[in-house]
Amino acid sequence: MRLTRRRLLGGAGLVGTGVVLGAGGAYGVDRAAPRETSGTSAESTVPFYGPRQAGITTPQQSRLVFAAFDLTTSDVGAVKAMLGQWSAAAALMTQGKLIGPTEIRPEAPPFDTGEALGIGPQRLTVTVGFGPSMFDERFGLGARRPAALAPLPELPGDAVLDEQISGGDICVQACADDPQVAFHVIRNFARIAAGTAMLRWSQVGFGRASATSRAQQTPRNLMGFKDGTNNIKVEDADSTSRFVWVGDETDQDWMRGGSYLVMRKIRMQIEAWDSDSLADQERVIGRTKEVGAPLSGRHEHDPLRLSRRDGHGDLVIPEHAHVSLASPERNSGIQLLRRGYNYADGIDPTTGQIDAGLFFLAYQKNAHEQFVPLQRRLGADDLLNEYIKHVSSGLYACPGGVEKVGDWFGRRLFS
């Protein structure tokens, strides 16, 4: 009997009206949802099935491969089939399993590329979102686009955004504690998508640049400062409900239980920063470099005392310091769930300088009410602007989770 990709993905393709068949018969897959194990060992798993997508409030992993895809078809059935196959494949990969055997017939390509074989699940999560461009005339989804998915307005500094590494119809965020496991997702999703979608751009991230759990230490960004001290944590149920998860306020039922993702690639002017004095670096950020304490305190988690003044009457934390402008106190209580990563893309051939910085990812209930006003304030007045440049941007609607075998990414959108 000839094995086809559809059979090896357990019938994850679509039949007739677009109903996904169960993935329980897939190669090496169990019908039961995986159980999460403790620790960060290679065998630790994060459940794939559930009411919300993993990779949002999941304690942040150490590695990222992010990709945006553009659809190359106007056949909505083909799009549904691809999303169904992606879902079945993700369910397997998050368990540390292959999407199919690597050895079938010597004259045919293997069904799985094989580079993650034997590495383990590594706490892999796969998160999928849809960009505003998905809702054009191609698929008849115009009336299904949420108001919160209106394209981001032009923000201070956006004049240098590179459209070739911005946007995209669909985004895929693969996070894991091993870079090869994360890469394995994007590579195999691209293979599955052949003929339906193609990669628009991708980004590799290393060294998380935020903490999403109280159990995690605050990491450092490439400027050497602790980043994300006051980030929303997964343990903060009230904050995630208020600021992260879409609820009954949405105008589109299919987005309940989801979240909106803002992506910004922020290049750091490494050489200029490295030539600045320590005292000025700390004034720009508003924290001490070694300890990470606010300049108005002694310990990292001391509260920001933005009105505190020194003996000369000057603010201890400058008014336009990054932590001051970004603080909820100065932004009507606005918060974001950040889960960004450091990146390093070699050398800029036009300048000979290091091309590195922050791949900013932030989840929220409504980017136009949270990210946009915050970025307008930062983009206009942040002392950090002298040392950074936003080079790409994206907004994506990440719907609720794949709830069970046979469900698939975005099924409610297409219902």
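Keep in mind that the numbers below use all heavy atoms, side chains included, and drop hydrogens, waters and symmetry copies. Being a predicted model, the structure only gives us computed values, none of them experimental.
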In short, Gln370 meets Gln335 closest at the heavy-atom pair NE2-O, 2.9 Å
Side chains of Leu384 and Met223: closer than 4.5 Å at any heavy-atom pair?
-> yes
Beyond-backbone contact of Val126 with Met93, side-chain heavy atoms, under 4.5 angstrom | no
For Pro146 and Asp251, the nearest pair of non-hydrogen atoms, with its separation, is CA-OD1, 3.6 Å
Closest heavy-atom contact between Ala78 and Thr196?
-> O-CG2, 3.7 Å
Would you check if the side chain of Arg264 reaches a backbone N or O of Leu358 as a donor-acceptor pair within less than 3.5 Å?
-> no
State the CG-CD1 distance between Leu92 and Ile99, to the nearest 0.5 angstrom.
-> 8.0 Å
Exactly one candidate in Asp227, Asn230, Thr212 meets side-chain hydrogen bond (donor to acceptor under 3.5 Å, both in side chains) with Arg338; the answer is Asp227
Note: Asp162-Arg267 ion pair, threshold 4.0 Å (strictly below) | no
Are Arg63 and Asp178 close enough, and set up right, to give a salt bridge (Lys or Arg N to Asp or Glu O under 4.0 Å), and what steps lead you there?
-> CA-CA 6 Å; Arg63 303 287 181 160; Asp178 184 279; over 6 Å; no
Relative to the ring of Trp86, is the ring of Phe189 parallel (under 30°), tilted (30 to 60°) or perpendicular (over 60°)?
-> parallel
With the side chain counted from C-beta on, respond yes when Arg52 and Val244 share a heavy-atom pair under 4.5 Å apart, and no when they do not.
-> no
Would you indicate whether the side-chain heavy atoms of Met82 and Trp408 approach each other to under 4.5 Å?
-> no
Close side-chain approach of Arg144 to Phe130, heavy-atom, < 4.5 Å | no
When the ring centroid of Tyr396 is compared with that of Phe69, is the distance short of 6.0 Å?
-> no
Would Trp201 and Phe66 count as a close aromatic pair, with their ring centres under 6.0 Å?
-> yes
Side-chain contact, heavy-atom cut-off 4.5 Å: Leu152 with Gln375?
-> no
Nearest atoms (heavy-atom pairs only) where Ile317 meets Pro294 | CD1-CB, 4.2 Å
Would you confirm whether Arg411, through its side chain, and Val402, through its main-chain N or O, come within 3.5 Å as a donor-acceptor pair?
-> no
Distance-only donor-acceptor check, side chains Arg208 and Ser62, under 3.5 Å = no
What heavy-atom pair brings Ala148 and Leu395 nearest, and what distance separates the two atoms?
-> O-CD2, 3.8 Å
Does the Arg283 side chain pair with the main chain of Leu383, one donor and one acceptor, at a distance under 3.5 Å?
-> no
Flag yes if more than 12 heavy atoms outside Arg298 fall under 6.0 Å of its CZ atom; otherwise flag no.
-> no
Main-chain N/O of Leu361 paired with Arg339 side-chain donor or acceptor, under 3.5 Å = no
Does some side-chain heavy atom of Cys175 sit less than 4.5 Å from a side-chain heavy atom of Gln60?
-> no
Contact summary for Ala91 and Tyr49, nearest pair of heavy atoms | CB-OH, 3.4 Å
Got a donor-acceptor contact below 3.5 angstrom from the Gln353 side chain to the Gln269 backbone?
-> no
Side-chain donor-acceptor pair present, Gln180, Arg187, cut-off under 3.5 Å | no
How many angstroms lie between atom OG of Ser324 and atom CD of Glu329, to the nearest 0.5 angstrom?
-> 8.5 Å
Distance-only polar pair, side chains of Glu300 and Thr229, donor-acceptor under 3.5 Å | yes
Measure from the side-chain N and O atoms of Gln203 to the backbone N and O of Phe359, and report whether any donor-acceptor pair falls under 3.5 Å.
-> no
With side chains defined as the heavy atoms from C-beta onward, is the minimum distance between Pro373 and Ile334 less than 4.5 Å?
-> yes
